[in-house]
Amino acid sequence: MPNISKPAISLPKGIVRDSLIGGAIALGAYILLQFFCALLIDRELLGLEKLYPMVCVAAAVSAFLGCGYSVLRRKEAAILSVSAVVAVFLAVTLAAAFITAETVAVENGLTGVGLSMAAGGLTAAMAGSARPKGKRQRKRRR
């Protein structure tokens with residue numbers, strides 16, 4: 001009988017914590033950017049027709065910041081941590097949308113916001129993979 005008490009695949013240590021913190025950073029940045037967008041529209045510096053593009057840009061920038069934190073904390077599994085941060089950010093944003101809106105549908109712009117979040121996360125992953133690695137120290141053999 002096979003031993004099924006141990007999982008076959010385990011997550012890297014600390015990835016859940018880093019993903020939750022990255023999601024919280026993304027959510028906080030998203031809320032601040034939304035307040036800034038609302039202020040610009042209220043002061044009539046931008047028209048109401050610019051609201052949806054600003055929401056998409058805010059989602060991308062917020063996902064970049066949250067995923068950037070996760071990528072900087074993790075030296076390995078950057079794509080896994082970025083995916084987890086984007087999933088946490090999207091889940092919390094969707095939960096808030098379900099609570100506050102009468103209907104949440106693709107026609108309401110949900111696809112654009114989700115793709116913006118994914119684009120911000122992918123940009124953070126690519127920027128994190130392009131950063132210079134630490135200098136490798138050679139071991140001297142005696």
Side-chain angles (χ1 to χ4, degrees), residues 1-140:
M1 188 164 206
N3 185 3
I4 58 172
S5 63
K6 292 184 181 179
I9 299 174
S10 63
L11 293 173
K13 188 175 182 179
I15 196 167
V16 173
R17 180 179 51 94
D18 290 341
S19 297
L20 290 176
I21 292 172
I25 289 171
L27 184 63
Y30 186 66
I31 291 170
L32 288 175
L33 287 171
Q34 289 299 323
F35 279 132
F36 181 69
C37 293
L39 181 69
L40 290 176
I41 290 174
D42 184 54
R43 301 283 182 195
E44 296 179 358
L45 296 172
L46 292 174
L48 195 56
E49 68 276 356
K50 300 290 184 187
L51 179 64
Y52 182 69
M54 288 189 314
V55 168
C56 291
V57 168
V61 169
S62 302
F64 179 80
L65 293 174
C67 293
Y69 168 82
S70 181
V71 166
L72 291 177
R73 294 280 299 166
R74 304 249 115 232
K75 295 203 180 354
E76 74 284 337
I79 293 298
L80 180 62
S81 64
V82 164
S83 301
V85 169
V86 170
V88 167
F89 183 35
L90 185 60
V92 172
T93 306
L94 277 176
F98 280 127
I99 291 171
T100 59
E102 292 178 14
T103 61
V104 176
V106 173
E107 295 85 26
N108 294 348
L110 184 64
T111 305
V113 174
L115 288 175
S116 298
M117 289 177 185
L122 184 61
T123 306
M126 290 186 334
S129 66
R131 68 183 176 163
K133 306 292 184 209
K135 293 182 180 178
R136 295 181 183 169
Q137 296 177 355
R138 295 182 185 176
K139 293 183 180 180
R140 292 184 182 180

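Any value given below was found using the heavy atoms of this structure, including those in side chains, with hydrogens, waters and symmetry copies removed.
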Check step by step if side-chain contact (heavy atoms from CB on, under 4.5 Å) holds for C67 and V86. CA-CA 7 Å; C67 293; V86 170; 3.7 Å; yes
Drop me the distance from [X]'s [atom1] to [Y]'s [atom2], to the nearest 0.5 angstrom.
X	Y	atom1	atom2	value
L115	L122	CG	CG	11.5 Å
D42	E44	CG	CD	8.0 Å
L20	L27	CG	CG	12.0 Å

Locate the shortest heavy-atom distance separating [X] from [Y]; write the atom from each residue and the value.
X	Y	result
S62	A58	OG-O, 2.7 Å
V113	Y30	CG1-OH, 4.4 Å
G121	A63	N-CB, 4.0 Å
G112	Y52	CA-OH, 3.1 Å
A59	M117	CB-CG, 3.9 Å

Among residues at least two apart in sequence or on other chains, which ones pass side-chain contact (heavy atoms from CB on, under 4.5 Å) with V61?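 With sequence neighbours excluded, V61 shows a side-chain contact (heavy atoms from CB on, under 4.5 Å) to L33, V57, L65, given in chain and number order.
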Would you mind telling me which of L45, I41, L46, L40 makes a side chain to side chain contact (heavy atoms under 4.5 Å, CB included) with R43?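 Per the side chain to side chain contact (heavy atoms under 4.5 Å, CB included) rule, the option paired with R43 is L45, out of L45, I41, L46, L40.
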For a 4.5 angstrom cut-off between non-hydrogen side-chain atoms, does R73 reach I21?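 Answer no - side chains too far apart.
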